[in-house]
Amino acid sequence: HITKLLVEKATLEHRVSRRFAELGSQVYKKSQAEDKSVSLTDPEIRQIIDETKRLDRELSEVEATLERERRPKKSAKK
């Protein structure tokens with residue numbers, strides 16, 4: 001189970017990283033094309049930010065689950 005969580009964590013980290021790269025690329029392109037500041041309310045920018053936030057929340061959940069799984073289990077006293 002821990003191995004599955006580690007793979008899921010790595011996958012989510014990669015997807016978040018790709019979204020950050022995509023966000024930076026979009027901001028750069030828009031700033032060069034329009035030669036002005038870029039708004040965070042721009043639909044394309046907003047969509048990337050929202051997707052990144054969703055992935056980050058998902059990653060946090062996986063990390064919390066992984067942390068719980070790694071804790072030593074307390075044996076029941078008889």
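For clarity, every value in this text was computed on a predicted model and none was experimentally measured. Residue indices begin at 1 and follow the sequence shown.
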Original post:
Are Val38 and Ile49 co-members of a hydrophobic cluster defined by side-chain heavy atoms under 4.5 Å apart?
Top reply: yes
**OP:** Would you please say whether a donor-acceptor pair under 3.5 Å links the side chains of Arg68 and Thr65?
**Re:** yes
Original post:
Between Asp50 and Arg54, is there a side-chain N and carboxylate O pair less than 4.0 Å apart?
Top reply: no
**OP:** Enter the distance from Lys9:NZ to Glu13:CD here, rounded to the nearest 0.5 Å.
**Re:** 4.5 Å
Original post:
Are Leu5 and Val16 connected, step by step, through hydrophobic side chains (Ile, Leu, Val, Met, Phe, Trp, Tyr) whose heavy atoms are closer than 4.5 Å?
Top reply: yes
**OP:** Kindly determine whether Arg19 and Leu23 satisfy side-chain contact (heavy atoms from CB on, under 4.5 Å), including the steps that lead there.
**Re:** CA-CA 6 Å; Arg19 287 293 182 203; Leu23 178 61; over 6 Å; no
Original post:
Looking only at atom types and distance, does a side-chain atom of Ser25 sit under 3.5 Å from a main-chain N or O of Ala21, one as donor and one as acceptor?
Top reply: no
Subject >> Spacing of CD belonging to Glu51 relative to CZ belonging to Arg46, to within rounding of 0.5 Å >> reply: 12.5 Å
Subject >> Glu8 and Lys4 ion-paired at < 4.0 Å >> reply: no
Original post:
So, the side chain of Ser31 versus the backbone of Val27: is there a donor-acceptor pair under 3.5 Å, distance only?
Top reply: yes
**OP:** May I ask you to say whether Arg70 pairs ionically with Glu67, meaning some side-chain N is under 4.0 Å from a carboxylate O?
**Re:** no
Subject >> Approximate separation, where rounding is to 0.5 Å, of Leu59 CG and Thr11 OG1 >> reply: 10.5 Å
**OP:** Please answer: with hydrophobic residues joined when any side-chain heavy atoms are less than 4.5 Å apart, are Val7 and Leu55 in the same cluster?
**Re:** no
Original post:
Are more than 12 heavy atoms from other residues, nucleotides or ligands located less than 6.0 Å from atom CZ of Arg18?
Top reply: no
**OP:** Spell out, yes or no, whether Leu12 and Phe20 are grouped together once hydrophobic residues are joined by side-chain heavy atoms under 4.5 Å, including indirect joins.
**Re:** yes
Subject >> Atom pair CG (Leu66) and CD1 (Ile2), whose distance is rounded to the nearest 0.5 Å >> reply: 6.5 Å
